[in-house]
> 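This is the structure I want to talk about, given as structure tokens.
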Amino acid sequence: AAGGAAGGDAALAAGLAAQPRTTRTPIPVEGQTQDAVQVVQQVSPAVVTVINRRTVDGSEREQATGSGTGFFVDGEGRIVTNNHVVEGGDDFVVILANGDLRRAQAVGTDPISDLAVLQVEGDVPAVARFGDSDALLPGETVLAIGSPLGAFTNTVTEGIVSATGRTPEEFEQPGREAVYANLIQHDAAINPGNSGGPLFNLAGEVVGVNTIGVPVDEQGGPVQGLFFAIPASTVQKVLESIVEDGEVVYPFFGVGDAPVNPRVAAQEDLAVDYGTMVDTVEPNSPADDAGIEEDDIILAIDGQRIDEQNPFVEVLFSFEPGQTVTVSVQREDETFEVDVMLGER
């Protein structure tokens, strides 16, 4: 989550008044991997600190209440960060890598993916380019750049990709709409304030947006090296929708579900070892109208198999509201198909 508050209003106002205009330095496109120092030198100017400012006690006075990280994605001054970094903010300030300050406006936010887009005026110092997150392999070196605790700006940490396609149920938080699916697991250290920052490969490409870590286990014991990033493939889709439409629209199916894997199948003596099991069916939802019941196992949507590499929510979100899809269902020992007209979430 976004970390601690940043400096005072007087210093902020003075910095804004005195800020110089910067000259954009494009990041060169590299067709091969580089060492970490080369990557950091190329990409650091594109990384920014995001300050969330809120009105105090209903007055006109604002103060910084949280911070995170973001990065420039185009020459128009658009910046990608996490939704939880900007959530509840009345105003935003961006600190460039060289210390310059810019006022920022929200282009759009998406609580579901936990992504947001801000925009600043003026010259853009550098633009980060996206890479192919689907091509990531466990063991591949990655670099995280961000502003942990809101103070240590442009901190670089190095690690490896631990796994891909993670959909940890532990990240479901009361009161927060975010649906974390198909995440990149890595061990490049991130802390509060790193949220929204880029995860780079050694080609200097953004392959993910750092979002969350696991500091303790269920018993409160310390956990090491468990950090997660939203894959670039998801970020690009959300960015495109926000820029074009100002929002992201998701389909609605109407079930609560729990993933099925070989371990679960063995424990529960299930007929299949993949898919997602229906825990609840919302009344009058698309699933209810199609006759889907509790304890059904959804195997596929329009032929797209649901498994650990392709979680239910990820497959579902590849369709549009209003679209009719064919859903493969396992009910005890019977397999059948039903048509479901998706609603709008």
Side-chain angles (χ1 to χ4, degrees), residues 110 112-114 132-138 161-173 177-185 228 230-231 233-234 236-238 241 248-345:
D110 180 34
I112 302 300
S113 66
D114 195 16
D132 183 2
S133 56
D134 294 335
L136 283 175
L137 296 173
V161 174
S162 305
T164 58
R166 295 296 201 200
T167 305
E169 297 177 20
E170 293 82 0
F171 292 166
E172 295 180 3
Q173 299 180 21
E177 296 181 67
V179 177
Y180 294 116
N182 193 31
L183 299 180
I184 301 164
Q185 180 187 334
F228 296 86
I230 301 168
S233 56
T234 299
Q236 289 175 282
K237 292 176 185 176
V238 171
S241 293
V248 185
V249 177
Y250 292 94
F252 174 62
F253 195 85
V255 298
D257 66 294
V260 172
N261 54 40
R263 176 179 57 81
V264 171
Q267 289 175 340
E268 302 295 333
D269 193 25
L270 302 177
V272 293
D273 62 2
Y274 68 96
T276 193
M277 179 174 286
V278 176
D279 288 336
T280 57
V281 180
E282 187 168 325
N284 303 315
S285 66
D288 188 29
D289 292 343
I292 291 176
E293 301 175 359
E294 290 183 17
D295 297 328
D296 283 349
I297 300 174
I298 300 173
L299 304 175
I301 302 178
D302 265 8
Q304 295 188 42
R305 176 181 165 120
I306 296 167
D307 52 29
E308 291 182 293
Q309 288 70 44
N310 304 282
F312 173 68
V313 68
E314 190 78 5
V315 174
L316 177 63
F317 285 176
S318 67
F319 299 96
E320 301 290 334
Q323 190 172 352
T324 298
V325 295
T326 300
V327 179
S328 301
V329 179
Q330 182 81 27
R331 181 175 295 167
E332 296 181 347
D333 294 327
E334 179 188 5
T335 302
F336 59 93
E337 293 183 338
V338 294
D339 290 335
V340 178
M341 179 178 286
L342 301 174
E344 182 175 323
R345 178 164 181 157

> How close do Asp296 and Gly291 get, heavy atom to heavy atom, and via which atoms?
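Taking every non-hydrogen atom into account, OD2-O, 4.5 Å.
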> Cation-pi between Arg305 and Tyr274: NZ/CZ under 6.0 Å from ring centre and within 45° of the ring axis?
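Yes; both conditions hold, so Arg305 lies above the ring face of Tyr274.
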> Atom CD of Gln185 and atom OG1 of Thr164: how far apart are they, to the nearest 0.5 Å?
9.5 Å
> Write down the atom of Pro251, the atom of Leu316, and the distance for their closest heavy-atom approach.
CG-O, 3.3 Å
> Is there a donor-acceptor pair under 3.5 Å between the side chain of Gln330 and the backbone N or O of Glu332?
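Here the side-chain-to-backbone pair exists.
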> Under the side-chain contact (heavy atoms from CB on, under 4.5 Å) rule, what do Leu299 and Val272 come out as? Steps first, then yes or no, please.
CA-CA 9 Å; Leu299 304 175; Val272 293; 3.8 Å; yes
> At what distance, to the nearest 0.5 angstrom, does OG1 of Thr326 lie from CG of Asp339?
4.5 Å
> Between Val315 and Asn310, what is the shortest heavy-atom contact and its length?
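The answer is CG2-O, 3.7 Å.
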> If I take atom CZ from residue Phe317 and atom CG from residue Leu342, how far apart are they, to the nearest 0.5 angstrom?
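Atom-to-atom, Phe317:CZ and Leu342:CG are 10.5 Å apart.
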> Within the 4.5 Å heavy-atom criterion, are Phe252 and Pro321 side-chain neighbours or not?
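When only atoms from C-beta onward are counted, Pro321 and Phe252 do not touch, as no gap falls below 4.5 Å.
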> Which atoms form the tightest heavy-atom contact between Thr280 and Val278, and what is the distance?
O-CG1, 3.4 Å
> When you compare the side chain of Met277 with that of Leu270, does any pair of heavy atoms fall below 4.5 Å?
yes
> Using the rule given for side-chain contact (heavy atoms from CB on, under 4.5 Å), can you reason through Val248 versus Ile112, listing the C-alpha separation, both sets of side-chain angles and the distance that settles it, and then say yes or no?
CA-CA 9 Å; Val248 185; Ile112 302 300; over 6 Å; no
> Nearest 0.5 angstrom please: Thr276 OG1 to Ile301 CD1, how far?
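Nearest 0.5 Å value for the OG1-CD1 distance: 9.5 Å.
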> How far does CG of Leu136 sit from CD1 of Ile184, to the nearest 0.5 angstrom?
5.0 Å
> Around atom CD of Gln267, are there more than 12 heavy atoms of other residues, nucleotides or ligands at under 6.0 Å?
yes
> To the closest 0.5 Å, what do you measure between CD1 (Ile306) and CD (Glu314)?
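Here the rounded value is 11.5 Å.
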> Where do Ala181 and Pro311 come nearest, in terms of heavy atoms and distance?
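Heavy-atom minimum between the residues: CB-CG, 4.4 Å.
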> Residues in ring-ring contact (aromatic ring centres under 6.0 Å, His included) with Phe319, at least two apart?
none
> Quick one: closest heavy-atom pair of Arg345 and Val179, and the distance?
NH2-CG2, 3.8 Å
